[in-house]
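Below is one structure, written out as structure tokens, with a few remarks after it.
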Amino acid sequence: MRTRILLILSFLIVNFFHAQDSLKIQKAKLIALTPFNDNIDKVNGLTVGLGFDSKYVFKEQNVKLLQKVNGLNLDVNALGFLFWMFYDPAKGQNIEFIKVNGITISAAGYLRGVSHNGINLSLYNYGHTMNGVSGTLFTTYIEEGNGIFVSPVGFYSKELNGVSISVFNDAEIMKGIQIGGYNSSEVVTGMQIGLVNKSKKLKGLQIGLWNKNGKRSLPIINF
């Protein structure tokens, strides 16, 4: 009898603490401040604040929580210019932890680990993946880009499917169009238009003052 009572009490205690932990995760909020903490799972509506930071969602080593924003994200981080000057995106933690579906208007920009489907207007974009239209005042440095990208200072992506417009365009694999002063890509399927165009493997066309690919180097037009 005592054993049965103890088992019942243990069961009730375990379920009580499990219920308390479940209450910590708010499955969907309408409005939230950024950076998020690990109690927020999803926001369907509006986020406002200083931007997203991965340190709030990695509770333990190798444990990751993917948080989502569906709607409008407003970033009012006044230190955005300083981040752009001193932050090195190549050294950032490149694990996807935030997915934004909608519109972002930012006084700073995404750091590593943020994926976005929609429209982004910001100082810079150092995110993970961008699908849609992205306009930055300075630079873009992402893993994968699908869409249209305008970054006056520089654009870099491991994989680009679409159009990038910048003074310096750099994509390891590019399917689409690069337009700028200096265009560089390992593999090009499409077109490079600029003062200097460079690729190792080209299936398409290069138009510029000097064009170089794995087959030949020519002025004006190369293929």
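- Taking each heavy atom of Leu160 and Ala171 in turn, the nearest pair found is CB-CB, 4.1 Å.
- Between the side chain of Asn169 and the backbone N or O of Asn183, no donor-acceptor pair lies under 3.5 Å.
- Residues Leu74 and Val114 are members of separate hydrophobic clusters, defined by side-chain heavy-atom contacts under 4.5 angstrom among Ile, Leu, Val, Met, Phe, Trp and Tyr.
- Here the two rings, on Tyr141 and Tyr156, have centers that are under 6.0 Å apart.
- When only modelled atom types and interatomic distance are considered, Ser106 and Ser122 share no side-chain donor-acceptor pair under 3.5 Å.
- Across every non-hydrogen atom of His116 and Gly118, the tightest pair is CD2-N, 3.7 Å.
- Hydrophobic clustering (ILVMFWY, side-chain heavy atoms < 4.5 Å, transitive): Met85 and Tyr124 are in one cluster.
- With contacts defined as side-chain heavy-atom distances shorter than 4.5 Å, the pair Ser115/Val100 does not qualify.
- By the criterion of side-chain heavy atoms lying less than 4.5 angstrom apart, applied directly or through intervening Ile, Leu, Val, Met, Phe, Trp or Tyr residues, Met191 is grouped together with Phe223 in one hydrophobic cluster.
- Taking both residues in full, the closest heavy atoms of Gly80 and Ala108 are given as CA-CB, 3.5 Å, listed atom of the first, atom of the second, then distance.
- For the residue pair Thr140 and Tyr126, no side-chain donor N or O sits within less than 3.5 Å of a side-chain acceptor on the partner.
- Cluster annotation: Tyr110 is not connected to Leu121 through the hydrophobic network of ILVMFWY side chains, with a link wherever side-chain heavy atoms come within less than 4.5 Å.
- Taking each heavy atom of Val43 and Ala32 in turn, the nearest pair found is CG2-CB, 3.6 Å.
- Between the Asn211 side chain and the Lys198 main chain, no donor and acceptor come within less than 3.5 Å of each other.
- Note: the hydrophobic cluster containing Ile165 does not contain Ile119 (ILVMFWY, side chain heavy atoms under 4.5 Å, direct or indirect links).
- Of the options Asn222, Ile221, Val188, a side chain to side chain contact (heavy atoms under 4.5 Å, CB included) to Leu205 is made by Ile221 and by none of the others.
- Counting only distance, with no hydrogens or angles, the side chain of Ser151 and the backbone of Val153 share no donor-acceptor pair below 3.5 Å.
- There is no side-chain donor-acceptor pair under 3.5 Å between Ser185 and Ser199.
- Thr34 places no side-chain N or O within 3.5 Å of a backbone atom of Phe36 that could act as its donor or acceptor partner.
- Here the CG atom belonging to Leu30 is positioned 8.0 Å from the CG atom belonging to Leu46, to the nearest 0.5 angstrom.
- Ring geometry for Phe81 against Trp84 counts as tilted: the plane angle lies between 30° and 60°, on a 0 to 90° scale.
- Looking at Leu66 and Glu96, their side chains come closer than 4.5 Å, going by heavy atoms from C-beta outward.
- A donor-acceptor pair under 3.5 Å is formed between the side chain of Gln67 and the backbone N or O of Ile40.
- A donor-acceptor pair is defined here as one N or O able to donate and one able to accept, closer than 3.5 Å; no such pair exists between the side chain of Asn73 and the backbone of Ile105.
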*Lys158/Glu143 under salt bridge (Lys or Arg N to Asp or Glu O under 4.0 Å): CA gap, chis, key distance, verdict*: CA-CA 5 Å; Lys158 286 187 176 180; Glu143 293 296 302; 3.4 Å; yes
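- Between Phe168 and Tyr182, the ring planes lie tilted relative to each other; the angle falls in the 30° to 60° range.
- What you find for Ser134 and Met130 is that their closest heavy atoms are CB-CG, 4.0 Å.
- Cation-pi geometry between Arg112 and Phe97 is not satisfied (NZ or CZ under 6.0 Å from the ring centre, within 45° of the ring normal).
- Using cut-offs of 30° and 60° on the angle between ring planes, the pair Phe155 and Phe149 is tilted.
- Using modelled atom types and a 3.5 Å distance limit, the side chains of Thr104 and Asn120 yield no donor-acceptor pair.
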